[in-house]
Amino acid sequence: MNFNINATTVGANEPVFIIAEACDNHMGDLKVAKEMARLSKLAGASAVKFQHHLPEEEMLEDIPMSDNFDEPLFQFLKKNALTLSEHVELKNFCDDIGITYLCTPFSWAAAIQLHELDLPAYKIGSGEMTDIPYLKKMIDLGRPLIISTGMSDISEITRTYNLLDQGGIPFALLNCTSEYPPVYEDINLLFINEMINLFPNATIGHSDHTPDLFTCFGAVVAGAKIIEKHVIIDKTTPGPDQSVSINFSELTELVDGIRKIEKALGSSKKVHSHENQIREWATRSVVSTKSIKKGSVIEPDMVWSKRPGTGIPSHLIDDVIGKKALVDINQNILIDWSMLKE
């Protein structure tokens, strides 16, 4: 099911919607967040996405940490999460420069606050993909949902799909591997094809955590209509998303590559107009390999194929062999039907 994010249609037969995931790589600095939005716009991204954290609402203070965290996540977010007023200012800035602002609420309380910003869609992280009570409330907000599916199996994705499919709102499911960074063997890009078949009423995309561009390109070929990629201004900036983020020069390359791949995804095979000039000289015709006297029967050793392709096509060489020469034919001459008789 296609849907609109501001003035952009997302889904089948539409350009890939490219989300620059700024996450918390701004480290709580609103000026840096605005610069990330500006650079996302310059790179050609469809949207820039941030995160709204109310740590007390989304987690207990003492929770297990992954290896990519240098400090407890609760404490990191207390220091580096943007406030609601900063999100308001940031969204206004995005509106002014002409890039769609998106945001992930990591709790229902955060979602209620963001709802004041009149967002065109909400992004839901993989950690909330199985939180059915939360998703039911998000459905009630009446906006499209884009949901990552990391850390989940097919039965869990199917349960969420069925809930959303019955909810009456447009939605997207993103193939995702929640490793920071992932091993490539765990990404399973061809599962995107499975998702397209299994979840026909969802737009299918890919949220990528690799530190490079290759799997995003592969995801587009596999059919993803949304690409989400973490971005960072300086790759030396510390933080939980540092190892899975690309810089804005790479984002520019990503956008350019996706747009070129989109143009190359046709499925027909024909001789294209730009090939015709090359076809004339690059294909092969029947050529005399020796001088042939008038009246001689053409023997196999008298002819072979050479460029250009403007004479008798080489695949018809057997039709030339056995015919008589109507004229003297010099060596290395393109054979023409007018030179031959039955």
Side-chain angles (χ1 to χ4, degrees), residues 1-6 8 10-11 17 19 21-24 47-63 73-74 76-78 80-88 90-91 94 100-176 178 195 198-205 207 225-226 228:
M1 180 191 302
N2 291 9
F3 58 92
N4 289 332
I5 296 181
N6 287 335
T8 302
V10 181
F17 192 80
I19 302 172
E21 164 62 293
C23 42
D24 293 297
V48 59
K49 191 186 78 64
F50 297 91
Q51 300 178 358
H52 187 30
H53 294 279
L54 302 174
E56 293 86 354
E57 296 288 340
E58 69 183 73
M59 70 181 71
L60 300 178
E61 184 169 351
D62 184 20
I63 62 172
L73 181 59
F74 188 93
F76 174 85
L77 295 176
K78 290 290 286 185
N80 297 299
L82 297 174
T83 65
L84 178 61
S85 62
E86 289 174 321
H87 278 291
V88 171
L90 185 54
K91 181 184 182 297
C94 290
T100 292
Y101 164 97
L102 294 176
C103 196
T104 298
F106 280 88
S107 63
W108 175 239
I112 290 298
Q113 290 188 355
L114 285 178
H115 198 54
E116 299 177 14
L117 277 66
D118 194 26
L119 301 188
Y122 292 101
K123 170 67 200 304
I124 307 298
S126 294
E128 291 68 53
M129 202 280 299
T130 58
D131 189 352
I132 298 300
Y134 171 68
L135 293 178
K136 287 180 177 179
K137 286 182 172 291
M138 292 302 299
I139 289 171
D140 289 341
L141 294 180
R143 298 299 169 87
L145 299 180
I146 302 170
I147 303 179
S148 288
T149 61
M151 306 175 291
S152 59
D153 60 30
I154 293 178
S155 67
E156 292 170 321
I157 301 172
T158 300
R159 181 176 62 203
T160 292
Y161 171 80
N162 289 336
L163 172 70
L164 295 167
D165 196 30
Q166 296 164 12
I169 61 166
F171 64 99
L173 297 173
L174 308 187
N175 179 56
C176 181
S178 297
M195 294 178 74
L198 289 170
F199 311 120
N201 291 333
T203 295
I204 303 301
S207 179
K225 301 306 297 182
I226 298 173
E228 179 185 61

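The first residue in the sequence is number 1, and the count goes up from there.
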Give me the atom names and distance for the closest heavy-atom approach of [X] to [Y].
{"X": "T149", "Y": "C176", "result": "OG1-N, 3.7 Å"}
{"X": "A172", "Y": "I226", "result": "CB-CD1, 3.6 Å"}
{"X": "S85", "Y": "T83", "result": "OG-OG1, 3.1 Å"}
{"X": "S148", "Y": "S126", "result": "CB-OG, 3.2 Å"}
{"X": "H87", "Y": "L117", "result": "O-CD2, 3.8 Å"}
{"X": "L163", "Y": "K136", "result": "CD1-CG, 3.9 Å"}

Could you give the distance from [atom1] ([X]) to [atom2] ([Y]), rounded to the nearest 0.5 Å?
{"X": "I19", "Y": "I146", "atom1": "CD1", "atom2": "CD1", "answer": "4.5 Å"}
{"X": "R143", "Y": "H115", "atom1": "CZ", "atom2": "NE2", "answer": "5.5 Å"}
{"X": "Y134", "Y": "I139", "atom1": "OH", "atom2": "CD1", "answer": "11.5 Å"}
{"X": "L77", "Y": "L82", "atom1": "CG", "atom2": "CG", "answer": "11.0 Å"}
{"X": "I132", "Y": "M138", "atom1": "CD1", "atom2": "CE", "answer": "13.5 Å"}
{"X": "T100", "Y": "N6", "atom1": "OG1", "atom2": "CG", "answer": "4.0 Å"}

(message) Salt bridge check, R159 against D153: does any charged N sit closer than 4.0 Å to a carboxylate O?
(response) no

(request) Flag the pair K123 and E228 as a salt bridge only when some basic side-chain nitrogen lies within less than 4.0 angstrom of an acidic carboxylate oxygen. (result)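 Salt bridge present between K123 and E228.
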
(message) Students often mix this up, so state it plainly: with edges at 30° and 60°, are the rings of F106 and H53 parallel, tilted or perpendicular?
(response) parallel

(request) May I ask you to test the T203-F17 pair for a side-chain heavy-atom distance under 4.5 Å? (result)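 A side-chain contact under 4.5 Å is absent here.
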
(message) With heavy-atom distances below 4.5 Å as the criterion, would you say the side chains of K91 and L119 are in contact?
(response) yes

(request) Show your working on side-chain contact (heavy atoms from CB on, under 4.5 Å) between M129 and I157 and close with a plain yes or no. (result) CA-CA 8 Å; M129 202 280 299; I157 301 172; 4.0 Å; yes

(message) My understanding is that only one of L173, T160, L164 makes a side chain to side chain contact (heavy atoms under 4.5 Å, CB included) with L145; could you say which?
(response) L164

(message) Between Y101 and V88 (side chain of the first, backbone of the second, donor and acceptor by atom type, cut-off under 3.5 Å), is there such a pair?
(response)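 Such a contact is absent between Y101 side chain and V88 backbone.
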
(request) Count the heavy atoms of every other residue, nucleotide or ligand shown that sit under 6.0 Å from CD1 of I154, and state whether that count exceeds 12. (result) no

(request) Step through the shown structure and confirm whether more than 12 heavy atoms of other residues, nucleotides or ligands are within 6.0 Å of CG on N201. (result) yes

(message) Taking the six-membered ring for Trp, are F171 and Y161 closer than 6.0 Å centroid to centroid?
(response)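 They qualify: ring centres under 6.0 Å apart.
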
(request) Check each of K49, Q51, E21 against T104 using the side-chain hydrogen bond (donor to acceptor under 3.5 Å, both in side chains) test, and report the only one that passes. (result)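 Answer to the side-chain hydrogen bond (donor to acceptor under 3.5 Å, both in side chains) test with T104 among K49, Q51, E21: K49.
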
